[in-house]
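Atom set for the values below is all heavy atoms of this structure, side chains included, hydrogens, waters and symmetry mates excluded.
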Amino acid sequence: MNLIIPIIPASPQRPAKGGGLRGRQASNAARDALKLLLDDSPRQRDLLIEYLHLIQDAQGHLSVDMLAALADELKLSQAEVHEAASFYHHFDIVYDGDTAPPALTVRVCNSLSCAIAGSADLSAGLRQSLNGSGAVRVIEVPCVGRCAQAPVAVVGQRPVHHADAPQVLALLQQGLTQDLPPAPHSETSYADYRAAGGYQVLDELLAGQRSVDETIKTLSESGLRGLGGAGFPLGRKWAIVRGQPAPRLMAVNIDEGEPGTFKDRHYLEQQPHRFLEGLLIAAHCVEAAAVYIYLRDEYHALRQVLADEILALQAARPELPDLHLRRGAGAYICGEESAMIESIEGKRGWPRQRPPYVAESGLFGRPTLEHNMETLYWVREILERGAGWFSGFGRHGRSGLRSFSLSGRVNKPGVHLAPAGITAQELIDEYGGGMQAGHQLYGYFPGGASGGILPARLAQVPLDFDTLQAHDCFIGSAAVIVFSQMDSARALALNAMEFFEHESCGQCVPCREGTQRAVELMRLPEWDQALLEDLASVMADASICGLGQAAPNPLRSAMRYFPQEFTSVSTHRPEAS
């Protein structure tokens, strides 16, 4: 087993057909700088995004000169390189004659949980304090995956929890811009995890003491489903991929960009090897030749932890499949499985129109098992304890467990492992420590920004797969964002639509234009509800992927469940619970 985290060499310039050089030519200075950065890493087209990160990290931006040099190194057209670089939010392209961005960026999250916690005031205060500073820029960005510590600012790569302007300014003055490693857990390291019984289930499977068929049967009987949002039954997915022709691959999605979602980071920071064991069990069962792990770019310290622990695993178990750790670049759409696969291949994250476990649509054209991180996290425990352990939990006629990312106006935000089918009211009261002082439950998002909005009177609806459709909502990644009478469902729906407008990949017209037009209409003092409903129907029916299909959910929910907010522009009368 090898861990592939690229670092890179150089090749001579390629002459154009006909003997002359055509198009823009990279300068010698750019070529030399690139050689120092890339060193002796392989020239693979699928590593393009990794190499763009290397340049961005080293120079603070991507000059067109460096992009030309990189295109030449990878034997790609400059159009291909520019297409990828311009697609992702975390790359700053600087064109000839333009001024490079400041050396340091402070990012302030403006998504739902942080907006509720006052991120707009934080952003305005920082801009006022740093007015005229040419060394720092302040920008507002979508969710950074730390909703339980809202509002959040990120100084360089260092997240600031419950941020205020003095905290951020102090870090800037001290030059503290690197992310801190998470607090050590008793089973974070390979040695500790192994000593606590880790990898025993995998060893039994590899030794033939557990059969692949029985393993899949146990996981199927447990009811474990994809926990990234789609809820596809795990056993069925493994059987589909296993039936495809070899060689097969595996891709793991840890690009949890849904506003309100942070459960994957929570589990990985504590027990990365529990996830890795589940991953290797899955890879063995479908006979995957290699595994690609796609981690969101905002998790800088976690990426280092995961890289270190994979290296430790590699040293101890070199016979296991190769693990490729890939870095996202700030694109919510890459949480969609086929867009993630495009990104892993070094391309812009445009969704495909066929599911990735079909042979023609898989990673590098091969059948590919795609999974969310948390799904794999529970595999070892279910196999150790039996299917009944997992399915035995649940409330209100449901079975199983769910990891809820709880944030907003509650006393104890965080990741809470609770029975499937628990209601929002039970989740708030039993796990969230109740509502914050002075706040009453007014409404909640049951599944992040895309899952819709429900009012307080529907806080007794079981939270699980297939329980919210009657209310035009869904649980998705189980990101529950709670808001109170101090908040406006209308304003939060606009916040969600602004997020979708920012994150639309632009591939299809219904989503690209629909989110933009919806934001324009929703910013008006009076909503044209009939026109917005027509627009929502087109987006839901005609968009090619889940982003555009789900983007209208908060809009529709606000109009359906919070009509009192639309009777007067200036009057907000909370709905009685």
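Nearest heavy atoms, Tyr88 versus Gly349: OH-N, 3.3 Å.
Using a 4.0 Å cut-off between a side-chain N of Lys or Arg and a carboxylate O of Asp or Glu, Asp57 and Arg327 qualify as a salt bridge. Under 4.0 Å is where a charged nitrogen must lie from a carboxylate oxygen, and between Glu298 and Arg107 no such pair does.
Stacking of Arg490 on the aromatic ring of Phe562 is not recorded, the 6.0 Å distance cut-off and the 45° axial limit not both being met. Tyr299 carries Arg296 over the face of its six-membered ring, with the cationic atom under 6.0 Å from the centre and within 45° of the normal.
Ring pair Phe499/Tyr332 is perpendicular by interplanar angle, where above 60° counts as perpendicular and below 30° as parallel.
In this structure, Arg402 contributes its side chain and Gly421 its backbone to no donor-acceptor pair below 3.5 Å. Using modelled atom types, one side-chain atom of Glu256 and one backbone atom of Asp264 make a donor-acceptor pair closer than 3.5 Å. Using modelled atom types, one side-chain atom of Thr375 and one backbone atom of Leu227 make a donor-acceptor pair closer than 3.5 Å. Between the side chain of His162 and the backbone N or O of Ala150, at least one donor-acceptor pair lies under 3.5 Å. Side-chain atoms of Thr423 never come within 3.5 Å of backbone atoms of Val461 as a donor-acceptor pair (strictly under, hydrogens ignored).
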Candidate pair Asp179 and Arg303, rule salt bridge (Lys or Arg N to Asp or Glu O under 4.0 Å), full reasoning: CA-CA 10 Å; Asp179 195 2; Arg303 183 170 58 253; over 6 Å; no

Candidate pair Ser407 and Arg146, rule side-chain hydrogen bond (donor to acceptor under 3.5 Å, both in side chains), full reasoning: CA-CA 9 Å; Ser407 64; Arg146 299 177 183 274; over 6 Å; no

Step-by-step side-chain hydrogen bond (donor to acceptor under 3.5 Å, both in side chains) determination, Arg137 to Thr105: CA-CA 5 Å; Arg137 64 173 172 172; Thr105 298; 2.6 Å; yes

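Within 6.0 Å of the CD atom in Gln516, the count of heavy atoms belonging to other residues, nucleotides or ligands exceeds 12.
Of the candidates Arg348, Gln78, Lys347, Glu83 forms a side-chain hydrogen bond (donor to acceptor under 3.5 Å, both in side chains) with just one, namely Arg348. When Cys505, Pro351, Ser543 are each tested for a side-chain contact (heavy atoms from CB on, under 4.5 Å) with Cys511, only one passes: Ser543.
At least one side-chain heavy atom of Ser86 sits under 4.5 Å from a side-chain heavy atom of Ile93.
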